[in-house]
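Have a look at the structure below, then the notes.
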Protein chains: 2
Amino acid sequence: MTSEPLAEPPADRPRRTSEATKAAILAAARARFAEHGYERTTIRGVAGDAGIDASMVMRYFGSKEQLFEAALAIDLKLPDVRDVPPDDVPALFVRHFLDRWEGDPTDDALLVLLRSAVTNDQAAARMRDVFARQVAPAVLAALPPGPDAPARAALLSAQLLGLALARYLLRLPPVLALAPEQVEELYAPALAAVLTPGRPL
Amino acid sequence: MTSEPLAEPPADRPRRTSEATKAAILAAARARFAEHGYERTTIRGVAGDAGIDASMVMRYFGSKEQLFEAALAIDLKLPDVRDVPPDDVPALFVRHFLDRWEGDPTDDALLVLLRSAVTNDQAAARMRDVFARQVAPAVLAALPPGPDAPARAALLSAQLLGLALARYLLRLPPVLALAPEQVEELYAPALAAVLTPGRPL
DNA sequence: GACGTTGGCCAACGAGCGTTGGCCTCACCG
DNA sequence: CGGTGAGGCCAACGCTCGTTGGCCAACGTC
């Protein structure tokens, strides 16, 4: 009753192409890494989700670490804020990340990254890389130049990561209870405070 | 050459008391859990740090999970802000947490909790508990009552957790480069923005 | 000095993991 | 029709882990 490896395929296994299988593995891996982190994700589990044997994962990706590396690929698709009125930038960022996090669950590479980066140095390095190459440039475009501009950009990231942490990983009830518009309304001013030097309080 | 189990104790093992050993195990466990998280921390490693055999850990704490539970005990020692001028509250919180995080490294229960809570449900539940019992009451004391007060308190926690994440776990370079006073100066206004309803921008 | 108690070690089990290599089975090309 | 290669399965190895149980040596008390 554990499994039926006998004469099963009625019409189900239409003999996938290698690319399709690889994509299925990657999707399954992203979902598992995002939910359980690196250590607790097993090759056998990923393979099971993708409907194949664990050895196939090895064949296609070489090792668990390389599969992980492939799952970390991420493009935040941050908006270009150079043409946005400065007062609208904070709300725009909050909205953008909420949309990403709450949107397509198969595209949860960002949560993969966040969950793994906390215990996995490889993922943490990748996170720093994402910050340096994607977040920092996008934020700096909205920031008056100055010696502490990079710090402000990083602290803005810290706030957004803290939001993701509280809402999606720790699931703090009061944060979970908020509608996206409420999050935007309450949190955007906080981003603004970090973005804008010398803004009077 | 791997070890010398023979006639070793010259004068070194003064036959510790049970309480001392238990405390040594707990300290080693906190350090390992804080650095590596739950999964990558091994009983054998903890026992090695404490200078004893792995089976002793079992005898004193029952199981890895119970050891973990014991390591999660934490008291944030949050200040009472009822007598503090509202304008000073945000800076006070930032300073308090920086002091805790940057202080005594043996007292890193908070980082244990943060690092583990991301992949371990038990730790996440404990984190929610810490928020509800310690953070929320302390913050609500500094907040004008209102329907969204709990949300504001939670978002403030998100900010502080984001700061810890960026500085101590992800080690984002621009955040790491800041002196504590600079963090306080740049981040406190952001806390203020979340704390204070309707503060004009 | 006998003896129970206490702190500690050692060896092993059983399970789960990543990883390997061989074998099978179709679809397609000649 | 024969062959070849790609997609896939199965069985196993070696390792590490949490956990168990038995054994040992020192101490304290009568």
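Chain naming here is simple, since letters A, B, ... match the order of the sequence lines and numbering starts at 1 in each. Everything quoted here is computed from the prediction, not taken from an experiment.
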Would you list the atom pairs, donor with acceptor, under 3.5 Å between side chains in residues 61-72 of chain B and any protein atom, with sequence neighbours excluded?
from	atom 1	to	atom 2	distance (Å)
B/Ser63	OG	B/Glu65	N	3.4
B/Ser63	OG	B/Gln66	N	3.2
B/Ser63	OG	B/Gln66	OE1	3.3
B/Lys64	NZ	B/Tyr38	O	3.1
B/Lys64	NZ	B/Thr41	O	2.8
B/Glu69	OE1	B/Gln122	NE2	2.5
B/Glu69	OE2	B/Arg126	NH2	2.4

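Atom P of nucleotide C/dC17 and atom OH of A/Tyr38 are separated by 14 Å, given to the nearest angstrom. C/dG18 atom C1' lies 13 Å from atom CD of A/Gln66, rounded to whole Å. Per the geometry, CD1 belonging to A/Ile52 stands 13 Å off P belonging to D/dC10, to the nearest Å. Atom NZ of A/Lys22 is separated from atom P of D/dG8 by 13 Å (rounded to the nearest Å). With rounding to whole Å, A/Glu39 atom CD is found 15 Å from C/dG16 atom C1'. The distance between atom CD1 of B/Ile25 and atom P of D/dG18, rounded to the nearest whole Å, is 14 Å. Per the geometry, CZ belonging to A/Arg40 stands 15 Å off P belonging to C/dG16, to the nearest Å.
When the side-chain nitrogen and oxygen atoms of A/Thr42 are compared with OP1 and OP2 of C/dG16, none of them lie within a distance under 4.0 Å.
In this structure, the side chains of A/Tyr168 and A/Leu114 stay at 4.5 Å or more apart for every pair of heavy atoms. The closest side-chain heavy-atom distance from B/Leu155 to A/Leu163 is below 4.5 Å.
For A/Tyr60, there are no ring pair (Phe, Tyr, Trp, His ring centres under 6.0 Å) partners at least two apart in sequence or on another chain.
Considering all non-hydrogen atoms of both residues, A/Pro90 and A/Ala188 come closest at CB-O, 3.3 Å.
Within 4.0 Å (heavy atoms only), B/Phe61 reaches no atom of the nucleic acid at all.
Between the CD atom of A/Gln159 and the CG atom of A/Leu165 there is a distance of 13.5 Å, given to the nearest 0.5 Å.
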Any N/O pairs under 3.5 Å between the protein and nucleotides 19-22 of chain C? List them or say none.
from	atom 1	to	atom 2	distance (Å)
C/dT19	OP2	A/Lys64	N	2.8

